[in-house]
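So the structure is just underneath, and the comments pick up after that.
Note on naming: letters A, B, ... go to the chains in the order of the sequence lines (proteins, then strands), and numbering restarts at 1 for each one.
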There are 2 protein chains.
Amino acid sequence: MDAETRALERPVDHKREVRLWLRLLTCTTLIENEIRRRLRRDFDVTLPRFDLMAQLEKAPDGMTLGEVSRRMMVSNGNVTGLVERLAAQGLLERAPNPSDRRATLIRLTPEGRRNFARMARAHEGWVAELFAGLSPPQGETLMDLLARAKHSAAAACE
Amino acid sequence: MDAETRALERPVDHKREVRLWLRLLTCTTLIENEIRRRLRRDFDVTLPRFDLMAQLEKAPDGMTLGEVSRRMMVSNGNVTGLVERLAAQGLLERAPNPSDRRATLIRLTPEGRRNFARMARAHEGWVAELFAGLSPPQGETLMDLLARAKHSAAAACE
DNA sequence: GCGAATTATTTTATGCTTAAAGCATCCGGT
DNA sequence: ACCGGATGCTTTAAGCATAAAATAATTCGC
């Protein structure tokens, strides 16, 4: 049985796409693990807490939990717990939302802002270091292709 | 103060690299969450369990926990727990390693293999669907750039 | 206004994940 | 043969993450 016959009889295989997905995942995990490790080592902070603070930094007037949860692509309950712990550390605070009593606003405290500013500076340097092997044009191309992949995946998620 | 002067006085900024990293992370998380959701919906299995079974599939004669842990890029203790749960489901089994009594070999049971084969077929289709928006040459380019990014990051991790 | 459907958050149960400490086994140098 | 260091795994404590159910407030249609 030749290759052409096999191709007609068997369902199409998608080994290339799977290899691409595995490489994307490996690459991301590698970088994510390293950033996680450095955040713990230098600032004694976890990546989820850093990510949450990064979201709040962009909204000086505060943000609802739901908004944070959508942007971080994690569940609601997850954010509740993270906010709990960061508030206990005095890095963020909850404020009642006058226009909707269901939704609490959260925002960084001044200490949270100072704290995040230091971490963000280091973080930026680390990321640049980790991607140093890519030239600017390669970085641009990668950005574009990832945008395509993102749209493609978003479409497939309905 | 013009742009050139600012560039000389302030530390270099790396906004481009950070944007690239965030896009890489968003893209991966989007796809990963969707695959996780579908695995749960159609096969009532978690992604980590699927990933572990995928590793074992490639080693019919069995693999040590340490080997699995390195390949999956997760901690030793994590694998211990996953193996525990998959063994309880009858999907994998432990076998003593005659040449090293510290290291246990694990391998899929026949049921585990059948089970995984079904899931892998669906998984392959999902991945192809999620990446359908990329042409084959674009996929190739993305593969290459991710390989570069991976080597770059690996170098920065020492 | 009233009630039903929707939206925002929290709670609960379960599972994943890590770092660090501990135990068992193996290996190399003496 | 022994001992010290390395290796493989498990345990522990804490934190992260989800889905599903519960609670509370809002909004919409009538």
Side-chain angles (χ1 to χ4, degrees), chain A residues 25 28-30 32-53 55 62-89 91-92 94-106, chain B residues 25 28-30 32-53 55 62-89 91-92 94-106:
Chain A
L25 186 56
T28 303
T29 304
L30 180 64
E32 191 174 357
N33 281 349
E34 181 66 12
I35 290 177
R36 196 185 297 274
R37 202 178 65 76
R38 294 187 186 190
L39 280 174
R40 173 173 300 279
R41 183 193 60 189
D42 294 354
F43 301 105
D44 195 33
V45 75
T46 64
L47 184 53
R49 290 185 201 192
F50 175 80
D51 287 343
L52 175 39
M53 293 177 79
Q55 292 299 329
M63 216 175 196
T64 67
L65 296 195
E67 184 64 18
V68 171
S69 139
R70 269 186 300 278
R71 288 182 195 244
M72 292 179 71
M73 299 198 286
V74 299
S75 67
N76 278 346
N78 189 356
V79 174
T80 297
L82 281 171
V83 166
E84 193 68 38
R85 288 182 284 269
L86 280 170
Q89 288 186 271
L91 299 175
L92 64 76
R94 303 170 213 237
N97 186 340
S99 69
D100 185 341
R101 278 182 303 167
R102 291 170 305 180
T104 319
L105 288 174
I106 52 176
Chain B
L25 186 56
T28 303
T29 304
L30 180 64
E32 191 173 358
N33 280 349
E34 180 65 11
I35 290 177
R36 196 186 298 276
R37 201 178 65 77
R38 294 186 186 192
L39 280 174
R40 173 174 300 279
R41 184 193 60 188
D42 294 354
F43 301 105
D44 195 32
V45 74
T46 64
L47 183 54
R49 292 186 199 191
F50 175 80
D51 287 343
L52 175 39
M53 293 178 78
Q55 292 299 330
M63 215 175 196
T64 66
L65 297 194
E67 184 66 16
V68 171
S69 137
R70 271 187 299 278
R71 287 181 195 244
M72 291 180 72
M73 300 197 285
V74 299
S75 68
N76 277 347
N78 189 355
V79 174
T80 296
L82 282 172
V83 166
E84 193 68 38
R85 288 182 284 268
L86 281 170
Q89 288 185 270
L91 299 175
L92 65 75
R94 303 169 213 240
N97 185 341
S99 69
D100 187 340
R101 278 181 302 166
R102 292 170 305 179
T104 319
L105 288 174
I106 53 177

Rounded distance in Å - CG (A/L105) to P (C/dA8): 12 Å

Quick one: are A/R49 and A/Q89 in side-chain contact, heavy atoms under 4.5 Å? yes

In numerical order, the residues of residues 40-49 of chain B whose heavy atoms come under 4.0 Å of DNA chain C are B/T46, B/P48, B/R49

How long is the line joining CG of A/L65 and P of D/dA24, in whole Å? 17 Å

Taking CD from A/E32 and C1' from C/dC16, how many angstroms apart are they, rounded to a whole number? 14 Å

By the 4.0 Å heavy-atom rule, please label B/G77 as base, sugar-phosphate, or nothing. base

Nucleotide nearest A/T104 (side chain, heavy atoms from C-beta), chosen from C/dT9, D/dT10, D/dT18: C/dT9

Figure out the CG/P separation between A/N78 and C/dC16, and round it to whole Å. 16 Å

With sequence neighbours left out, which residue pairs that include part of residues 35-46 of chain B fulfil the salt bridge (charged side-chain N to carboxylate O under 4.0 Å, His left out) condition? B/E32-B/R36, B/E34-B/R37, B/E34-B/R38, B/R38-B/E129

Does any non-hydrogen side-chain atom of A/L65 lie less than 4.5 Å from one of A/N76? no

For B/I106 and D/dG8, what is the distance between atoms CD1 and P respectively, to the nearest whole Å? 14 Å

Taking the side chain from A/T29 and the backbone from A/L25, do they hold a donor-acceptor pair closer than 3.5 Å? yes

Over how many whole Å does the gap from B/N97 atom CG to C/dC26 atom P extend? 9 Å

With A/R101, which residues qualify under salt bridge (charged side-chain N to carboxylate O under 4.0 Å, His left out), at least two apart? none

Got a list of protein N/O to nucleotides 3-7 of chain C N/O distances below 3.5 Å?
| unit_1 | atom_1 | unit_2 | atom_2 | d |
| --- | --- | --- | --- | --- |
| C/dT7 | O2 | A/R102 | NH1 | 2.7 |

Not counting sequence neighbours, which residues clear salt bridge (charged side-chain N to carboxylate O under 4.0 Å, His left out) with A/R102? List them please. A/D100

Give the residues of residues 79-88 of chain B touching DNA chain D, defined as any heavy atom closer than 4.0 Å, sorted by residue number. B/T80

Presence of B/N76 side-chain N/O under 4.0 Å of D/dC9 phosphate oxygens OP1/OP2: no

Step by step, would you call A/T64 with A/V68 a side chain to side chain contact (heavy atoms under 4.5 Å, CB included)? CA-CA 6 Å; A/T64 67; A/V68 171; over 6 Å; no

Would you kindly give the CE-to-C1' distance between B/M72 and C/dT17, to the nearest whole Å? 11 Å

Of the options C/dT25, D/dT18, D/dC9, whose atoms approach the side-chain atoms of B/D100 most closely? C/dT25

Under 4.0 Å: is that the gap between some side-chain N or O of B/R101 and OP1 or OP2 of C/dC26? yes

The test is side chain to side chain contact (heavy atoms under 4.5 Å, CB included); show your working for B/L86 and B/M53 and say whether it passes. CA-CA 9 Å; B/L86 281 170; B/M53 293 178 78; 4.2 Å; yes

In whole angstroms, the gap separating P of D/dA19 from CD of B/E34 amounts to 11 Å

Assign each of B/R94 and A/M73 the nucleotide of DNA chain D bearing its closest heavy atom; nearer the 5' end lies the nucleotide of B/R94

Between the main-chain N or O of B/P96 and the side-chain N or O of B/T104, is there a donor-acceptor pair closer than 3.5 Å? no

Residue-phosphate contact under 4.0 Å: B/R36 side-chain N/O, D/dT18 OP1/OP2: no

